[in-house]
Amino acid sequence: MPALDTILQQKLQQLDEQKARRSPIASLRGKKAQVEKAKNALISFACNDYLGLSQHPDVVANAKEAIEKYGAGAGASRLITGNNEQYDELEGLLAKHKKTDAACVFGSGYLANLGIIPALAGKKDVIFADKLSHACLLDGAKLSSATLLRFAHNDLEHLANLLKTNRHKYDKCLFLSEAIFSMDGDRAPINELAQMAKENDGSLMIDHAHSLFADEEFPDDIIHMGTLSKAIGSYGGYVCGSQILIDYIKTTARSLIYSTALPPATLAASIAALRIIEADKNLCEIPLNHARYFTKLLDLPQAQSAIVPVVFGSNEKVLQAAKILEEKGFWVSSIRPPTVPENTARLRITFSAAHDKSQIEQLAAIIKSEGWL
Ligand SMILES: *Cc1c(COP(=O)(O)O)cnc(C)c1O
């Protein structure tokens with residue numbers, strides 16, 4: 001066996017012993033939150049397709065039309081020949097939604113953070129990031145070569161202390177946090193963070209990956225980024241901000257410049273999804289209402305988003321729980337370290353407009369009868 005394989009095999013064995021090994025499982029998604037896993041028909045409480053738009057007939061039809069009109073692939077990066085005319089419309093819709101001057105669409109949310117953060121912060125700068133920030137915010141910060149300081153989750157006092165002792169040592173200052181934390185479902189204090197950024201001559205960027213595209217008011221001058229692959233049901237990432245910021249990102253963000261543009265059908269799907277949301281704002285309320293119905297059924301603290309965690313602690317216990325749910329017809333994802341802190345392995349339950357009430361009641365009943373709370 002090659003030397004590298006020998007080393008990697010040992011590492012895989014270690015992961016197996018810790019019940020920490022992960023591997024993709026083939027799955028077929030259908031309408032109404034159905035998903036087939038190894039020929040088992042399950043109801044998914046694991047997707048981020050919060051509005052069910054990935055399966056919406058208008059979204060699918062627009063994508064089909066675009067593939068007929070433009071072909072399957074973009075052919076080059078956006079700065080070469082890949083900048084399909086649909087980008088303008090999509091960026092216009094995103095800027096309008098976030099009430100900013102302009103927007104820029106990236107290949108994915110991950111690529112957006114890897115591109116935006118190094119464009120905005122460098123060696124002489126400092127980044128303050130919430131401890132629970134998503135891996136790609138932290139990866140973007142590392143790639144920027146700015147000094148990265150992490151404050152305890154949603155702890156403004158800790159952030160204030162870090163600012164007091166460190167801010168003066170650096171030039172620019174960037175704050176990073178998430179509108180809705182992906183593994184906990186709670187929210188960042190955006191108004192307070194924006195105020196602190198202003199007072200410290202800094203900027204705040206909020207990651208909206210798990211936002212539901214409902215109408216929300218945000219403080220001026222903050223940078224919004226997010227993904228088109230969750231509530232929008234398609235694929236791609238975006239950033240919204242001032243015209244100057246967007247112009248600068250379009251000419252400097254390496255993950256935009258050195259990566260091929262999105263396929264035209266993907267852009268068309270995102271556009272159709274945003275039009276549906278504009279025409280039916282009630283749609284965006286449904287996942288949160290479903291999550292609140294679930295937390296009410298189980299006497300849990302009221303859900304703040306479409307994500308509700310049930311923390312078990314040990315990897316083994318959470319895998320066992322996920323297996324029991326699967327046997328009863330539900331797919332709920334078990335999330336383990338390093339995605340979440342050590343000893344906080346959990347079921348991460350996500351609610352979608354595609355669910356109906358009886359599915360939520362059945363899931364709650366199982367959790368109650370298993371005594372997991
Ligand atoms: C999923 C996610 C991303 C990445 O978005 P993709 O489009 O899936 O690459 C970024 N930030 C957060 C908080 C996420 O949950």
Side-chain angles (χ1 to χ4, degrees), residues 22 24 27 29 44 46-51 53-54 59 90-91 94 98 103-118 120 127 129-144 148 150 153-154 174-188 190 193 204-213 222-240 249 253-256 259-263 265-267 269-270 273-274 287 291 304-309 333 335-336 338-341 346 348-352:
R22 310 187 265 194
S27 54
R29 296 183 56 242
S44 167
C47 300
N48 299 318
D49 187 10
Y50 297 114
L51 304 176
L53 289 174
S54 76
V59 173
L90 179 53
E91 290 177 344
L94 288 164
K98 287 287 187 286
C104 174
V105 169
F106 281 79
S108 72
Y110 203 119
L111 284 170
N113 277 331
L114 290 192
I116 301 161
I117 300 169
L120 303 183
I127 294 173
D130 188 285
K131 194 116 194 179
L132 293 189
S133 294
H134 191 266
C136 62
L137 285 164
L138 301 173
D139 290 351
K142 280 184 206 159
L143 201 55
S144 75
L148 170 62
R150 294 167 72 180
H153 178 50
N154 280 348
L174 180 63
F175 290 18
L176 302 176
S177 192
E178 295 182 28
I180 291 161
F181 285 85
S182 54
M183 297 299 144
D184 293 78
D186 59 342
R187 289 166 180 269
I190 296 179
L193 287 170
L204 168 65
M205 183 169 84
I206 291 292
D207 183 331
H208 290 274
H210 296 278
S211 300
L212 300 173
F213 282 80
I222 69 178
I223 305 164
H224 304 275
M225 71 74 54
T227 178
L228 300 165
S229 30
K230 290 171 183 165
I232 299 299
S234 171
Y235 199 69
Y238 67 84
V239 56
C240 297
I249 283 174
R254 293 168 65 85
S255 62
L256 182 83
S259 185
T260 300
L262 284 167
T266 305
L267 300 171
S270 298
L274 282 161
Q304 295 178 42
S305 71
I307 303 164
V308 178
S333 48
I335 309 284
R336 290 164 284 162
T339 306
V340 290
R346 66 195 66 185
R348 173 180 181 269
I349 305 172
T350 54
F351 295 87
S352 167

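As the structure lists them, so they are numbered: ligands from 1, and atoms in each ligand from 1. Quick caveat, the model's predicted, so the values are computed rather than measured. Values reported hereafter were calculated over all heavy atoms of this structure, with side chains retained and with hydrogens, waters and symmetry mates removed.
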| request: Check for a donor-acceptor pair, side chain of Thr350 on one end and backbone N or O of Cys47 on the other, with a separation under 3.5 Å. | output: yes
| Residue list, side-chain hydrogen bond (donor to acceptor under 3.5 Å, both in side chains) with Thr266, at least two apart or on another chain | none
| Top protein contact for atom 9 (O) of ligand 1, by heavy-atom distance | Tyr110 N, 2.9 Å
| For ligand 1, is there an atom lying under 4.0 Å from some heavy atom of Lys230? | yes
| message | Parallel, tilted or perpendicular: which one describes the rings of His134 and Tyr110, with boundaries at 30° and 60°? | response | perpendicular
| remark: So CG of Leu204 and CG of Leu176: to nearest 0.5 Å the spacing works out to 8.0 Å
| message | For atom 5 (O) of ligand 1, tell me which residue out of Gly107, Gly140, Gly109 has the closest non-hydrogen atom. | response | Gly109
| said: Show me which atoms of ligand 1 lie under 4.0 Å from any heavy atom of Ser182. | reply: 15 (O)
| task | Would you kindly say whether His153 and Asp186 are connected by a side-chain donor-acceptor distance under 3.5 Å? | result | yes
| field | ligand 1 atoms in contact with Glu178 (distance to a heavy atom under 4.0 Å) | value | 13 (C)
| query | Going by distance alone, is a donor N or O of one side chain under 3.5 Å from an acceptor N or O of the other, for Ser54 and Arg29? | reply | yes
| ligand 1 and His210, any nitrogen or oxygen pair closer than 3.5 angstrom? | yes
| remark: Here the gap from Ser333 atom OG to Arg348 atom CZ, rounded to the nearest 0.5 Å, amounts to 6.0 Å
| said: Could you tell me, atom by atom, which parts of ligand 1 come under 4.0 Å of a heavy atom of Ala209? | reply: 2 (C), 11 (N), 12 (C), 13 (C), 14 (C), 15 (O)
| task | Return yes when Gly237 approaches ligand 1 closer than 4.0 angstrom through a heavy atom, no otherwise. | result | no
| atom 10 (C) of ligand 1: the protein heavy-atom neighbour that sits closest, reported with distance to 0.1 Å | Cys136 SG, 3.3 Å
| request: Please report which non-hydrogen protein atom sits nearest to atom 8 (O) of ligand 1, along with the residue it belongs to and the distance in Å to one decimal place. | output: Ser229 OG, 3.6 Å
| Looking only at non-hydrogen atoms, which of Asp207, Leu114, Thr227 approaches atom 7 (O) of ligand 1 most closely? | Thr227
| Out of curiosity, Asp207 CG to Ile223 CD1, how far, rounded to the nearest 0.5 Å? | 12.5 Å
